[in-house]
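Encoded as structure tokens, the structure appears first; notes follow it.
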Amino acid sequence: MNASAPITPSKAALARLARLVRDRRQRDATGLAVVEGPRAVDGALASGATLEAVFARPELVSRYAPTGTDTRHGRHPDARRLGEGYRERIGAVYEVAADTLDPLADAMNPQGVLAIAQFADSELSAAVAAERVVVLEAVRDPGNAGAVVRSAVAAGFGSVIATEGTTDLWSPKALRGAAGLTFGPAVCRGRPTAEILEALADAGHLRVRAALEGDTSLGNLPEAPRMTLVVSNEAHGPTADAVAGTDIAAAIPMRHPVDSLNVAVAAAVLMYAMQPSS
């Protein structure tokens with residue numbers, strides 16, 4: 001895919017962008033998600049994503065336009081991170097005035113770039129083949145879910161599995177929370193907790209459940225070739241299926257008066273504790 005010089009989008013192109021921002025059914029039907037903001041768009045590109053189109057304010061459009069294009073504000077400031085040939089994964093580049101683009105954004109404070117990116121969910125059988133997996137059980141806040149994905153990538157977890165009842169990991173807010181990095185690991189969505197945990201057991205995973213009161217302390221987690229972390233809804237905790245389908249309940253020590261951690265923070269601490277020692 002070769003990037004083209006910046007052009008003005010049609011009303012139809014803007015209407016399609018708006019539908020993908022707002023409607024999960026449109027995203028699922030097309031395999032297209034909207035990534036918002038320079039940081040998230042750059043993270044998506046750095047993760048290998050293909051961008052069907054980029055809509056950017058005039059002062060940001062040159063970040064994504066082809067090298068040598070006559071734009072007014074210079075080249076991408078972090079091209080090295082995005083990798084060789086990243087511009088070949090960018091399709092149409094649209095220059096859009098702020099008063100037209102910003103109302104289409106999901107974010108309260110639009111950042112001047114929206115990109116349509118291709119995504120594909122993994123099959124459960126492929127997702128459980130990773131050495132390290134994180135399962136989000138009924139995590140409903142998209143910002144938290146995205147932050148878990150970001151930490152999973154940082155900690156070297158190869159798969160992210162979202163149970164039914166979990167927020168859409170491909171929504172604009174979840175992708176912002178993940179800094180666009182959701183395009184790196186295998187992502188599997190929408191399966192029942194019991195089915196997921198059974199598949200992980202069959203694949204040889206030691207399944208660790210984050211818990212307020214665990215039977216294993218953070219410093220005493222055993223190590224196994226394949227391990228999975230299960231984090232659950234903060235308000236309601238793990239379901240009965242999650243309790244029955246995990247091997248270990250791990251607790252993070254906390255000093256008084258703290259009685260719990262944000263799910264994304266807890267997940268990050270436990271994922272780093274579960275990294276292979278070698």
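Only this structure's heavy atoms are used, side chains among them; waters, hydrogens and symmetry mates stay out.
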Going from CG on Asn233 to OG1 on Thr166, what distance comes out if it is rounded to the nearest 0.5 angstrom?
8.5 Å
Testing the 3.5 Å rule here: is there a donor-acceptor pair between the side chains of Thr239 and Glu137?
yes
Assigning hydrophobic clusters by single linkage (Ile, Leu, Val, Met, Phe, Trp, Tyr; side-chain heavy-atom cutoff under 4.5 Å), is Ile116 placed with Leu101?
yes
Do you reckon Val149 sits in the same ILVMFWY cluster as Tyr272, going by side-chain contacts under 4.5 Å, direct or chained?
no
Please assess Glu223 against Ser277 for the test side chain to side chain contact (heavy atoms under 4.5 Å, CB included), listing each intermediate value before the final yes or no.
CA-CA 8 Å; Glu223 184 175 334; Ser277 57; 3.1 Å; yes
What I'd like to find out is whether the side chain of Val160 reaches to under 4.5 Å of the side chain of Pro185, using heavy atoms alone.
yes
Give a yes or no on this: more than 12 heavy atoms of other residues, nucleotides or ligands lie within 6.0 Å of atom CD of Glu234.
yes
Checking side-chain polar atoms at under 3.5 Å, does Tyr64 have a donor or acceptor matched by the opposite partner on Asp42?
yes
Considering the options Leu136, Ile196, Val139, Asp241, which one meets the side-chain contact (heavy atoms from CB on, under 4.5 Å) requirement together with Thr163?
Ile196
Looking only at heavy atoms, what is the nearest atom pair of Thr216 and Pro222, with distance?
CG2-CD, 4.4 Å
Is Arg226 reaching over with its side chain to a backbone N or O of Ala129, donor-acceptor style, under 3.5 angstrom?
yes
Nearest heavy-atom contact between Val133 and Ala127 is CG2-O, 3.7 Å
Asp28 and Phe119: CA distance, side-chain angles, deciding distance, side chain to side chain contact (heavy atoms under 4.5 Å, CB included) verdict
CA-CA 9 Å; Asp28 288 344; Phe119 74 85; 4.2 Å; yes
Leu51 versus Arg89: any side-chain heavy-atom pair under 4.5 Å?
no
Heavy-atom side-chain contact between Val128 and Ile161 under 4.5 Å:
yes
Going hydrophobic residue to hydrophobic residue with side-chain gaps under 4.5 angstrom, can you get from Val21 over to Val96?
yes
Charged N-O contact under 4.0 Å between Glu36 and Arg176:
yes
So do Leu229 and Val135 actually touch side chain to side chain, heavy atoms under 4.5 Å?
no
Please report the interatomic distance CZ(Arg16) to OG(Ser10), rounded to the nearest 0.5 Å.
10.0 Å
Would you say CD of Glu195 has more than 12 non-hydrogen atoms from neighbouring residues, nucleotides or ligands within 6.0 angstrom?
yes
Backbone of Gln275 reached by a side-chain donor or acceptor of Arg132 within 3.5 Å
no
Are Leu270 and Val148 linked, directly or through other ILVMFWY residues, by side chains that come within less than 4.5 angstrom of each other?
yes
Just verifying a value: how many Å separate Asp141 CG and Asn262 CG, rounded to the nearest 0.5 Å?
8.0 Å
Do you know which two heavy atoms are closest between Met271 and Ser151, and how far apart they sit?
CE-CB, 3.7 Å
Is atom CD of Gln26 surrounded by more than 12 heavy atoms (other residues, nucleotides or ligands) closer than 6.0 Å?
yes
When every non-hydrogen atom of Gly214 is compared with those of Ala251, the smallest separation belongs to N-CB, 3.4 Å
Where do Ala211 and Ala249 come nearest, in terms of heavy atoms and distance?
CB-CB, 4.0 Å
Could you report the tightest heavy-atom contact between Arg189 and Asp168, atom names first, then the distance?
NH1-OD1, 2.7 Å
May I ask you to say whether Arg27 pairs ionically with Asp23, meaning some side-chain N is under 4.0 Å from a carboxylate O?
no
Find out whether Thr228 and Leu206 are in side-chain contact, i.e. whether some heavy atom of one side chain is under 4.5 Å from a heavy atom of the other.
no
Side-chain donor-acceptor contact under 3.5 Å, Asp121 with Trp170
yes
Contacts of type ring pair (Phe, Tyr, Trp, His ring centres under 6.0 Å), residue Phe55, not counting sequence neighbours:
Tyr94
Under the side chain to side chain contact (heavy atoms under 4.5 Å, CB included) rule, what do Val208 and Asp247 come out as? Steps first, then yes or no, please.
CA-CA 6 Å; Val208 179; Asp247 305 299; over 6 Å; no
Separation between CD of Glu198 and CZ of Arg191, rounded to the nearest 0.5 Å:
12.0 Å
In this structure, CG of Leu20 is separated from CG of Asp106 (nearest 0.5 Å) by 12.5 Å
When you group the ILVMFWY residues by side-chain heavy-atom contacts below 4.5 Å and let the links chain together, are Val34 and Leu14 in the same group?
yes
State, yes or no, whether a side-chain contact exists between Arg63 and Pro38 at a heavy-atom distance under 4.5 Å.
yes
Determine whether more than 12 heavy atoms belonging to other residues, nucleotides or ligands lie under 6.0 Å from atom CG of Asp202.
yes
Report the C-alpha separation of Leu124 and Cys188 in whole Å, then their side-chain angles, then the decisive distance to 0.1 Å, and conclude whether the side chain to side chain contact (heavy atoms under 4.5 Å, CB included) test is met.
CA-CA 6 Å; Leu124 181 60; Cys188 177; 4.1 Å; yes
Can you check whether Leu212 reaches Ser260 side chain to side chain, under 4.5 Å on heavy atoms?
yes
Should Leu218 and Pro253 count as side-chain neighbours, where that means a heavy-atom distance under 4.5 Å?
yes
What's the separation between atom CE in Met227 and atom CG in Leu221, rounded to the nearest 0.5 Å?
5.5 Å
Under a plain distance cut-off of 3.5 Å, with no hydrogens placed, do Arg209 and Thr246 share a side-chain donor-acceptor pair?
yes
